[in-house]
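Numbering of ligands and ligand atoms starts at 1, following listing order. Just so it is clear, the structure is predicted and the values come from calculations on it, not from any experiment.
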Amino acid sequence: MAKIHDRVDANSDGATTPARSLDFIRTIVTEDLRTNKWGGRVQTRFPPEPNGYLHIGHAKSICLNFGIAKQFGGMCNLRFDDTNPTAEEEEYVQSIQHDVKWLGWDWEDRLYFASDYFEQMYQWAVELIKKEKAYVCDLRADETSQHRGTLTKQGNDSPYRNRTAAENLDLFERMRKGEFSDGAKTLRAKIDMAHANMNMRDPVMYRILHATHHNTGDKWCIYPMYDWAHGLEDSIEGITHSICTLEFEDHRPLYDWFIDAINEGRGPGSPQGEKVHHPQQIEFARLELTYTVMSKRKLLELVKGKYVNGWDDPRLPTISGLRRRGVPPEAIREFCDRIGVAKFNSTIDVQLLEHCIRDYLNKTAMRVMAVLRPLKVIIDNYPGGQVEELDAINNPEDASMGTRKVPFSQVLYIERDDFREDPPKQFFRLAPGREVRLRYGYFITCKSVVKDPKTGEVTELHCTYDPATRGGDSPDGRKVKATLHWVSASHAVQVEVRLYDHLFSKENPNETPDGGDWKSNLNPNSLDSLIPAYIEPSVASAAPGSRYQFERVGYFCVDLDSTIGKLVFNRIVTLKDTWAKIEKKQG
Ligand code: ATP
Ligand code: MG
């Protein structure tokens with residue numbers, strides 16, 4: 001039999017071009033369909049815990065689960081794995097649904113909550129007690145972990161392990177009724193305290209927690225542990241391919257044990273009923289990105305500690321942060337497609353994500369001119385009151401996006417960086433005595449420089465233009481080495497532009513010298529706000545969420561903070577595509 005192996009893709013060395021062939025999970029699904037393993041069904045799910053906002057790692061799992069269902073004519077559920085009332089909130093339930101939809105996926109009428117299965121789970125726990133496969137234990141949490149042993153030392157049996165089924169049934173029922181305080185008792189699976197796999201050493205199935213749940217309110221004061229609940233949820237929903245991340249590989253024997261324990265004695269004609277569905281779990285490597293922290297716990301710390309401005313801060317890898325920054329969902333889906341899935345952990349270069357964003361925006365974003373750090377230019381020989389409407393191309397990649405008019409007049413702004421009084425060798429842009437082209441406009445020549453007498457800072461340039469070069473070509477074939485973007489000072493709109501850099505200065509933010517705080521790797525310059533910047537008037541009434549390419553500068557999106565008359569732009573990405581170069585070099 002052919003061995004099912006991982007495809008070689010961007011996961012393996014972070015750089016190779018993607019193989020669009022079947023990944024190892026899709027290979028399994030294809031084979032299961034061929035052998036009719038699940039009666040032709042493909043049923044997946046995305047099972048977030050509503051204890052935070054989704055991040056781009058979740059997007060990988062979402063695209064995988066919904067993508068496989070779509071590709072193979074199956075179905076994918078959205079299921080909230082809400083077994084821990086203390087960390088979970090309705091706000092997260094809402095945001096997660098919004099994010100999955102925004103990414104372009106649809107669970108139709110299959111929105112489920114693990115908490116809706118609590119009664120069924122309880123009944124199954126009762127069955128396990130009756131089969132002497134579970135017992136009520138009075139050890140406290142610290143004692144339980146002491147008894148557990150280590151990887152090299154086997155654990156010790158709990159002194160409560162041999163309670164009778166009748167005694168356990170009584171205690172478990174009273175746990176449910178609320179007779180005991182938090183932590184006073186647990187229900188544990190009776191497996192093997194000497195098992196090599198620590199997960200199999202009589203794991204806790206239920207704990208007592210007098211806490212209000214976002215869905216079930218105060219109905220329950222015992223809550224199922226994740227390991228007990230998760231496989232049952234998949235079973236109840238008839239999940240065929242239970243796809244999860246690698247850290248759950250060692251939990252799979254336990255999930256199998258639970259289902260087998262429930263199924264013992266079940267079958268045709270059995271008073272207990274038919275066997276329950278036994279899903280197949282498949283593990284894949286979680287997404288990690290350079291310059292990014294992905295754990296929900298850390299993201300929560302950044303938000304609660306106000307290191308960033310909320311869950312949708314454009315510097316965060318949350319879906320809401322990426323959305324606010326202006327990243328299109330199509331680019332995230334393409335990214336998830338390109339990284340593929342593999343069975344070994346690795347870190348993906350964040351430049352691949354940026355490459356996917358540029359790739360999409362290059363084809364779709366309208367080009368406009370904006371000057372971020374303005375320097376005034378006065379064209380001395382241009383008639384004072386005159387305004388010309390020049391034709392500008394909206395997107396050179398897509399002629400159907402048409403053209404627009406851009407006003408030109410005597411006083412303009414150009415980018416401060418595009419002028420040097422004393423230009424170094426490789427600097428071809430504007431300098432005293434030098435001629436350059438203004439995009440869609442004219443050739444201009446710098447004649448003189450005005451400076452602030454106190455600081456010596458250049459405050460304005462006086463130039464002349466050549467009327468024969470309208471549109472940007474010279475009739476005599478004269479060449480210039482640079483084309484600059486510009487805006488007309490009296491027509492331009494004043495805006496704020498927010499430039500973002502990586503939130504962390506270290507490629508691996510979790511790495512700190514001598515175990516220091518990971519937050520010491522935060523980049524102090526991750527946000528730079530430019531006020532005023534100037535943008536051409538065609539953009540004056542752009543709606544939040546609109547995306548543009550500022551010519552020669554980067555891709556930008558109108559931020560939610562914008563109000564009428566006060567536009568705020570977020571930089572989505574710069575234009576420089578380092579990833580494309582790496583790819584090209586590797587041929
Ligand atoms: P975190 O580890 O970041 O706190 P989590 O795994 O606890 O996240 P869940 O809400 O349980 O978060 O995740 C829902 C689903 O998303 C799970 O199936 C999980 O495997 C998957 N997932 C979470 N993080 C990643 C990631 N970085 N890459 C791929 N899948 C992920
Ligand atoms: Mg989890």
Side-chain angles (χ1 to χ4, degrees), residues 10-11 23 25 44-69 76-84 86-89 91-97 99-100 103 105 107 112-115 214 224-227 229-231 233-234 237 239 241-252 255 279 281-304 311 316-322 332-333 335-348 350 352-353 508-510 518:
N11 261 347
D23 57 58
I25 299 181
T44 57
R45 84 290 179 256
F46 173 62
E49 185 185 350
N51 62 351
Y53 279 63
L54 297 182
H55 52 60
I56 187 151
H58 293 111
K60 175 175 179 177
S61 173
I62 292 167
C63 291
L64 187 60
N65 281 292
F66 281 94
I68 284 179
C76 181
N77 303 347
L78 175 61
R79 181 211 310 143
F80 286 100
D81 209 326
D82 53 350
T83 54
N84 178 13
T86 50
E88 294 160 7
E89 287 173 29
E91 177 194 349
Y92 301 138
V93 171
Q94 296 306 326
S95 75
I96 290 170
Q97 292 182 56
D99 288 349
V100 175
L103 279 172
W105 302 105
W107 56 87
Y112 300 121
F113 291 85
S115 51
H214 78 98
M225 300 301 289
Y226 181 88
D227 277 349
H230 193 80
E233 296 158 23
D234 283 344
E237 293 177 16
I239 302 302
H241 300 85
S242 172
I243 302 168
C244 65
T245 40
L246 278 182
E247 67 273 24
F248 293 103
E249 196 164 17
D250 288 346
H251 298 239
R252 180 164 19 103
Y255 301 165
Q281 174 169 305
I282 306 166
E283 304 87 11
F284 72 99
R286 62 172 44 231
L287 170 66
E288 295 291 346
L289 274 182
T290 56
Y291 298 100
T292 310
V293 299
M294 207 76 97
S295 117
K296 271 195 220 163
R297 185 181 57 75
K298 287 184 177 167
L299 295 175
L300 187 70
E301 200 175 330
L302 291 175
V303 173
K304 298 272 175 205
W311 284 103
L316 286 179
T318 52
I319 305 295
S320 48
L322 294 166
I332 298 178
R333 292 206 303 268
F335 170 72
C336 291
D337 228 31
R338 290 193 53 166
I339 56 176
V341 286
K343 239 189 169 344
F344 41 87
N345 286 314
S346 66
T347 303
I348 302 290
V350 72
L352 175 59
L353 174 61
N508 178 1
N510 301 312
W518 55 277

Inset, instruction - Please check if the side chain of Asp23 supplies one atom and the backbone of Ile25 the other of a donor-acceptor pair under 3.5 Å. - result: yes

Inset, instruction - Ignoring hydrogens, just give me the one of Lys296, Arg286, Arg297 whose non-hydrogen atom is nearest atom 2 (O) of ligand 1. - result: Arg286

Legend entry - Residue-ligand contact Glu288/ligand 1, heavy atom below 4.0 Å: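 Under 4.0 Å: no for Glu288.
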
Inset, instruction - Ignoring hydrogens and angles, state whether a donor on the side chain of Tyr53 or Asp99 is under 3.5 Å from an acceptor on the partner side chain. - result: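 No, because no side-chain N or O of Tyr53 sits under 3.5 Å from a partner of the opposite role on Asp99.
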
Inset, instruction - Verify the distance criterion only: is there a donor paired with an acceptor across the side chains of Glu88 and Asn51 at less than 3.5 Å? - result: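 No, Asn51 and Glu88 have no side-chain donor paired with an acceptor closer than 3.5 Å.
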
Legend entry - Part of Phe46 with heavy atoms under 4.0 Å of ligand 1, whether side chain, backbone, both or neither: side chain

Out of all atoms in ligand 1, which are within 4.0 Å of some heavy atom of [X]? Include the element for each.
| X | answer |
| --- | --- |
| Ser295 | 3 (O) |
| His58 | 8 (O), 9 (P), 10 (O), 12 (O), 13 (O), 14 (C), 16 (O), 22 (N), 23 (C) |
| Glu49 | 9 (P), 10 (O) |

Inset, instruction - Identify whether the distance between the nearest side-chain nitrogen and carboxylate oxygen of Glu237 and Arg45 falls below 4.0 Å. - result: no

Inset, instruction - Salt-bridge test for Glu247 and Arg286: reply yes if a basic N is under 4.0 Å from a carboxylate O, no otherwise. - result: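 Judged by the 4.0 Å cut-off on N to carboxylate O distance, Glu247 and Arg286 do form a salt bridge.
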
Ligand 1 to [X] polar contact by distance, N or O atoms, under 3.5 Å:
| X | answer |
| --- | --- |
| Thr245 | yes |
| Leu287 | yes |
| Pro48 | no |
| Glu247 | no |

Inset, instruction - Would you please test Ile56 and Met294 for side-chain contact (heavy atoms from CB on, under 4.5 Å) and show each step? - result: CA-CA 8 Å; Ile56 187 151; Met294 207 76 97; 3.7 Å; yes

Legend entry - Set of side-chain hydrogen bond (donor to acceptor under 3.5 Å, both in side chains) partners for Asn510, sequence neighbours left out: Lys298

